Amino acid sequence: MRNFKNLLVWEKAHKLTLAIYKATEVFPKTEIYGLTSQTRRASASIGANIAEGCGKQSAAEFARYLFISLGSASELEYHLLLAFDLNYLEKELYVDLENELIQIKKRLISLIKKLKADS
């Protein structure tokens, strides 16, 4: 069993989730059950699935949860684009969040490849 808190990808995902929660505070109140909720859930799902995968016994199971995290990251990528296109996010913040998300996706892919190579 692995400690998810020791993984840099989890740490980055957690920091991104905190930033997403802060960024979505300014979304319109009419979006509280829509885009705000979906964006926050997708973001939190990245780190949560990394953590859950760390609790699994095999590398294959861990990799499966990393793939789920990757899917959540892609979902978040779309939600950020939608929020930007709806003018809920300023361009600079959107670019910063997207760049962090891209780095997380790259790290997830690298970790998945490493797990597959080791097994």
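For clarity, every value in this text was computed on a predicted model and none was experimentally measured.
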- Message: Quick check for you: to the nearest 0.5 Å, what is the distance between E25 atom CD and K22 atom NZ?
- Response: 6.5 Å
- Before giving the answer on side-chain contact (heavy atoms from CB on, under 4.5 Å), spell out for F27 and L89 the whole-Å C-alpha distance, their side-chain angles and the decisive distance to 0.1 Å. CA-CA 8 Å; F27 284 15; L89 291 174; 3.8 Å; yes
- Message: Let me check something: do Y21 and L76 share a hydrophobic cluster, defined by ILVMFWY side-chain heavy atoms less than 4.5 Å apart, either directly or through other members?
- Response: no
- Do you know the tightest heavy-atom contact between S72 and A42? CB-O, 3.6 Å
- Which residues satisfy the salt bridge (Lys or Arg N to Asp or Glu O under 4.0 Å) test with D85, sequence neighbours excluded? none
- Interatomic spacing from OG in S43 to CG in L18 - rounded to 0.5 Å: 8.5 Å
- Find out if a path of hydrophobic residues (ILVMFWY) with successive side-chain heavy-atom gaps under 4.5 Å connects L86 to L93. yes
- Task: Determine the minimum heavy-atom distance between R40 and T24, stating which atoms define it.
- Result: NE-OG1, 2.7 Å
- Note on the structure: When L111, I46, N49, L108 are each screened for side chain to side chain contact (heavy atoms under 4.5 Å, CB included) with L70, the one that passes is L108
- Task: Just jot down the ring pair (Phe, Tyr, Trp, His ring centres under 6.0 Å) partners of H79, sequence neighbours excluded, or say none.
- Result: none
What side-chain donor-acceptor pairs closer than 3.5 Å can you find for residues 28-38, not counting sequence neighbours?
| from | atom 1 | to | atom 2 | distance (Å) |
| --- | --- | --- | --- | --- |
| E31 | OE1 | L35 | N | 3.0 |
| E31 | OE2 | Y88 | OH | 3.3 |
| T36 | OG1 | E31 | O | 3.3 |

- Message: Test of understanding: with salt bridge (Lys or Arg N to Asp or Glu O under 4.0 Å), list the residues that count as partners of E11, not counting sequence neighbours.
- Response: K15
Identify all side-chain donor-acceptor contacts of residues 50-58 below 3.5 Å with residues at least two apart in sequence or on another chain.
| from | atom 1 | to | atom 2 | distance (Å) |
| --- | --- | --- | --- | --- |
| E52 | OE2 | Y65 | OH | 3.3 |
| S58 | OG | E61 | N | 3.0 |
| S58 | OG | E61 | OE1 | 3.4 |

Cut-off 3.5 Å, no hydrogens considered: what does the side-chain donor-acceptor table look like for residues 98-107, sequence neighbours left out?
| from | atom 1 | to | atom 2 | distance (Å) |
| --- | --- | --- | --- | --- |
| E98 | OE2 | Y94 | OH | 3.3 |
| N99 | ND2 | V95 | O | 3.3 |
| K105 | NZ | S74 | OG | 3.3 |
| K105 | NZ | E77 | OE1 | 2.6 |

